[in-house]
Structures are given as structure tokens and as C-alpha cells.
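Working notes, structure below.
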Amino acid sequence: MLNPATAKAVIDHALFLGADFAELFVEHHQSSSVELVSGEVDKVNSGIDFGIGIRLFFGYKVLYGYTNSTEEEELKRVTSLLTAKDKRDQIIDGVALNLNRYTNKHTCQYPLSQGAELAQKIAFLKEVNHAARAESDKISQFIGRMLQREQQIEIFNSEGLHIGDTRHYTRIAATAIAQNGSDQSTGFEAPGALTGWEFHNSVNAKDLGQHVAKQAMVKLFADPCPSGEMPVIIGNGFGGVIFHEACGHLLETTSVAKKASVFHDKMGKMIANTVVNAVDDGTMTNEWGSINIDDEGMETQRTQLIKDGKLTSFMVDKLGGMKTGYAPTGSGRRESYKYAPTSRMRNTFIEAGNSSLDEMVASVEHGIYAPKMGGGSVQPGTGEFNFAVQEAYLIENGKITKPLKSATLISTGPKVLKEISMVGNDFALAAGMCGSVSGSVPTTVGQPALKVDNILVGGGN
């Protein structure tokens, strides 16, 4: 996408102007989406974006700019605007760029550039819509969305790196709304993968529609959730969003390097119950949050964050590694060429344990089972959170009895880690988007079902 000779000239120019490190991030991004509302096509969008981000280090100081031009003089102009005024006393040796290669772990049979016709995607969404509405006449609305993306990147830097990658993303989102008089409730699922249109073959349209409709219907006639401190069993898959938001961000050097994380000085110490093992893994084949290389050009890896309750690693990008002394973990990510990279999560999850869901439920005399989590808010630095529960049930005398609505979970990430006493054997993952200082990136959350011995539950009762 960018002539290596041009990249070398711009990097040499940045070093001559005093930069300690220079990097070019080249991106060509293509996207296509279709949205179905009330059984009819509501939106069809497509677009192409191209740009080059220029990042310069002056010690720990980082300067960043971008342009849509590939012309050498324009790239040098942007570089000159970023750099310090004082030039070096003498011309330095130019950088030698070496093309790096890696093993592509992620197959793609039908990329966006040669994938399905729009009519096929619309037909799939209509099948999901039909299945959702067939569940009940209380389903008043269905919204379906199909997204495909193709992101080509190329990275050059003053350490001689030249590497590129192409990433293919496909995601299907389904929302069902149930209504009974003035009462409304919703069901939502949005599976995704790092692959092409063939992903839809692994998603059963009828099952997806039925699932979101049943989820909406369960809440529509549910009783208000009781309030107070009690044991809660958090379901597998998207239940991992609590670990992601309330703990995962605290393990990124983005916050650790600034000592803005409560875990910044806890390396090697017990931060969770011994049954907890947590991982951030960018190598999982075709998973939504996976990458071959990160957005700094480092091959991705599996990073064990917590082992038997002990903190064993942070998620480290290049600048974070310089500031903290920890080795980079292939975690430098960014939304696009418009953002400088920072340490970010990939596929972040709590590993499977040995307990069954039945065993966990049987151990609770009075509590809540939350098989599906919703959104929430988290306080940066402390991990204090308030998460809505998308689907909840009351547990009485070791048995799941009735559905509940308006449930929220309130605690802190560090506290919850220590309150986990049982870890299930029903591990699952779920796709999502994560926002931070380097924009929004695809991430996967996950876990088996977990028993949290004591957590504050907010409800409508």
C-alpha cells in the first residue's frame, strides 16, 4: 500500500529531526452493513477509508498525526509538524527495512471483496426476523444487522520493521422487543468472528431468532428482583464482560504505567481466589478478538494474566513496556490510522474450572442466577462497577424458581475476584466492541459460569 522507499525516506527524516523512534501505520479499510427493521430493509451502508498514521517517540513523549496521502513530501510535512524544533547535529545512518512474515492462523473463504450478494444477507436476516416473531405475538419489533469488514494494514518503523496483515470480520446482531401493554423488554445477541461471509453457516438463523425472542419474553412477565447482598451465579459467555470491564482494563499498561490501576504494584501477588485463572489470548483461531499481529507489528500471543489467583502478567504495548519494564505482549491496538496504539485486550476470559452449573445452583440457599449480562458503567482505576443483568432468575433452596427483572450487580473488580468460589466447566465466548483511548476495537469476552459468594444486587423490589 505504501512504497517501502517512501516509508524509509519518511522514517529517516523523522530520525534526522530528533525522534528516538518513528512508525508509520498504513490502513485500507472497507466495510459493508445492512439493517432490517420491521421485516424491511432500513439501511444499507458501505464505505472505504484509507490513511497513514505517523507516531514519533521523544523519550516517553509521544507525538501522533495522520494523513490520507501517500506522497513522500506530504508525509514528511506531517512529520516535520510533529517533531521538536532542534535537529540533530549530524546526519544519522538511515534505517534498513526488512519485510517480516508470520503464519496466518485465520482462514477466510469469502472476504468482503468477493463475498455474498446483498440479497443473501437480507434473506438471512429475514429468516431470523421470522423465527423471532413466530415465538409470540408479543414480539412487537425485530431489528437485525449484518456487518462485514476488511482491514488491510502495513507497518513500518525505525527498528527496521516492515510487516502487513489483512483482517476479515463478520458479525450478525439480532434484537427482539416484546411488549405487553406499556411494559417492554428486549433480547439481544450479536455473534461475530474474524472470518468472512462463511461465518453465517455456523449461525442458525432460526435458533438465533428464537433465542432473542425467548429472552425478551422471559423478562416481560418477570417479577421484580430482590435487593441486597447475596450469592450470585453469573452465566458463561458474555458474563465475562464484568471481568473485561472491571478487571481487564486495570491490567493494561495504559493504566498500570500511570499507577491509575489498583493492580499496578500487585505483580506476583494474590489478587483473586485460587480457583481463578484468567487469560488474554490473541491467537485463538478465527475468534472475533484475535489478530495475527498487533497494531505495532508484533506477533500476537497468549498471555496468562492470573494463575491460581496470582497476578502473573499485564497486557503490554511498546510504550507501556518502556515505562514499566515489562516485555510487550502483542497487545498494542487501535481503531484505525487516526489513533495511536495503546495496550488493549483481545480475547479475554476466565478459564474453565471443574464445577457444574447444577452444583453451583445447589450450593445457593437464596440468591440470583444471571445467565446473561447487559451493559453497565465502570469507574476507571478502581474497577467499581454497576452492571445490568439482561436475564435473571431467583434461586431458592438450591433450585432455580422464577424469572426476575430490573436486576443490577454492584461491586468492584478486585473484590469480585476474591469472592469467586466456584468456576464452572461450561466455558463459552462472546463477541463485543471495546472502547478506550485508542478507539473502539473488536474484543471477545468469556468465562464459564461463576459463583460469586457475596455481591450487592440492586433490583426493583
Side-chain angles (χ1 to χ4, degrees), residues 102-103 105 194 234 236-237 239-257 261-294 296 298-318 320-321 323-333 342-355 383 413-414 416-430 432 434 436 441-450:
Y102 59 88
T103 301
K105 305 178 180 70
L194 183 69
I234 302 174
N236 65 357
V241 70
I242 289 183
F243 178 80
H244 172 103
E245 293 289 357
C247 300
H249 283 297
L250 302 181
L251 300 179
E252 296 168 338
T253 49
T254 306
S255 58
V256 171
S261 164
V262 293
F263 296 129
H264 79 272
D265 58 351
K266 298 295 190 294
M267 183 60 67
K269 297 181 180 179
M270 298 296 294
I271 64 169
N273 190 300
T274 56
V275 299
V276 177
N277 295 279
V279 170
D280 182 72
D281 188 353
T283 69
M284 303 172 77
T285 304
N286 291 115
E287 286 297 341
W288 176 252
S290 292
I291 44 178
N292 284 306
I293 59 172
D294 72 359
E296 297 180 314
M298 180 177 177
E299 285 197 55
T300 192
Q301 65 179 46
R302 176 185 171 92
T303 305
Q304 187 81 45
L305 302 171
I306 301 172
K307 181 65 175 175
D308 300 328
K310 181 185 293 185
L311 179 60
T312 55
S313 181
F314 294 122
M315 289 165 279
V316 188
D317 63 320
K318 181 178 179 63
K323 290 181 175 180
T324 64
Y326 294 108
T329 57
S331 304
R333 303 188 68 190
T342 55
S343 57
R344 302 292 297 276
M345 284 173 273
R346 298 160 297 191
N347 304 303
T348 313
F349 53 88
I350 294 176
E351 295 181 277
N354 300 316
S355 300
V416 163
L417 286 176
K418 293 181 178 180
E419 290 286 348
I420 296 172
S421 62
M422 300 176 75
V423 179
N425 54 16
D426 56 347
F427 177 78
L429 295 170
C434 173
S436 187
V441 297
T443 56
T444 301
V445 301
Q447 65 178 39
L450 306 174

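Residue numbers run from 1 in the order of the sequence given. Being a predicted model, the structure only gives us computed values, none of them experimental.
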[X] side chain to [Y] backbone, donor-acceptor under 3.5 Å:
{"X": "Trp288", "Y": "Pro442", "value": "no"}
{"X": "Arg344", "Y": "Cys434", "value": "yes"}
{"X": "Asp317", "Y": "Thr342", "value": "no"}
{"X": "Asn292", "Y": "Lys105", "value": "yes"}
{"X": "Asn273", "Y": "Ile420", "value": "yes"}
{"X": "Thr312", "Y": "Leu305", "value": "yes"}
{"X": "Glu299", "Y": "Gly330", "value": "no"}
{"X": "Thr329", "Y": "Val316", "value": "yes"}
{"X": "Arg346", "Y": "Gln301", "value": "yes"}

Listed partners of Asn236 passing side chain to side chain donor-acceptor pair (under 3.5 Å), at least two apart: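 Scan of Asn236 (side chain to side chain donor-acceptor pair (under 3.5 Å), adjacent residues dropped) gives none.
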Taking all atoms of both residues into account, what is the closest heavy-atom pair of [X] and [Y], and its distance?
{"X": "Thr324", "Y": "Gly320", "value": "OG1-O, 2.7 Å"}
{"X": "Leu251", "Y": "Val256", "value": "C-CG2, 4.2 Å"}
{"X": "Ala278", "Y": "Phe243", "value": "CB-CZ, 3.5 Å"}
{"X": "Leu417", "Y": "Ile271", "value": "CB-O, 3.5 Å"}
{"X": "Leu311", "Y": "Phe263", "value": "CD2-O, 3.9 Å"}
{"X": "Gly353", "Y": "Pro448", "value": "N-CG, 4.3 Å"}

Could you check whether [Y] and [X], counting side-chain N and O atoms only, form a donor-acceptor pair closer than 3.5 Å?
{"X": "Ser290", "Y": "Asn347", "value": "yes"}
{"X": "Ser343", "Y": "Thr254", "value": "yes"}
{"X": "Thr274", "Y": "Asp308", "value": "no"}
{"X": "Ser436", "Y": "Arg333", "value": "no"}

Inter-residue atom distance [X].[atom1] - [Y].[atom2], 0.5 Å rounding:
{"X": "Glu296", "Y": "Ser331", "atom1": "CD", "atom2": "OG", "value": "9.0 Å"}
{"X": "Ser261", "Y": "Glu252", "atom1": "OG", "atom2": "CD", "value": "9.5 Å"}
{"X": "Lys310", "Y": "Lys266", "atom1": "NZ", "atom2": "NZ", "value": "15.0 Å"}
{"X": "Ile306", "Y": "Ile350", "atom1": "CD1", "atom2": "CD1", "value": "7.0 Å"}
{"X": "Glu351", "Y": "Gln447", "atom1": "CD", "atom2": "CD", "value": "12.5 Å"}

Please determine whether side chain to side chain contact (heavy atoms under 4.5 Å, CB included) holds for the pair Lys418 and Met270, giving the CA-CA distance in whole Å, both sets of side-chain angles, and the decisive distance to 0.1 Å. CA-CA 9 Å; Lys418 293 181 178 180; Met270 298 296 294; over 6 Å; no
Thr348 and side chain to side chain donor-acceptor pair (under 3.5 Å): which partner among Asp280, Thr444, Thr303?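 So, applying the side chain to side chain donor-acceptor pair (under 3.5 Å) to Thr348 and each of Asp280, Thr444, Thr303, only Asp280 qualifies.
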If you count every heavy atom of other residues, nucleotides or ligands that lies below 6.0 Å from Asn425 atom CG, does the total exceed 12?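 More than 12 heavy atoms, drawn from other residues, nucleotides or ligands, come within 6.0 Å of this atom.
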In chain order, what residues pass the ring-ring contact (aromatic ring centres under 6.0 Å, His included) check against Tyr326, with sequence neighbours excluded?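 Residues passing ring-ring contact (aromatic ring centres under 6.0 Å, His included) with Tyr326: Phe314.
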So, do Val262 and Leu250 sit near enough that their side-chain heavy atoms are less than 4.5 Å apart?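 Answer yes - side chains close enough.
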Check whether any side-chain heavy atom of Arg302 lies under 4.5 Å from a side-chain heavy atom of Met284, and answer yes or no.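 No - every pair of side-chain heavy atoms lies 4.5 Å or more apart.
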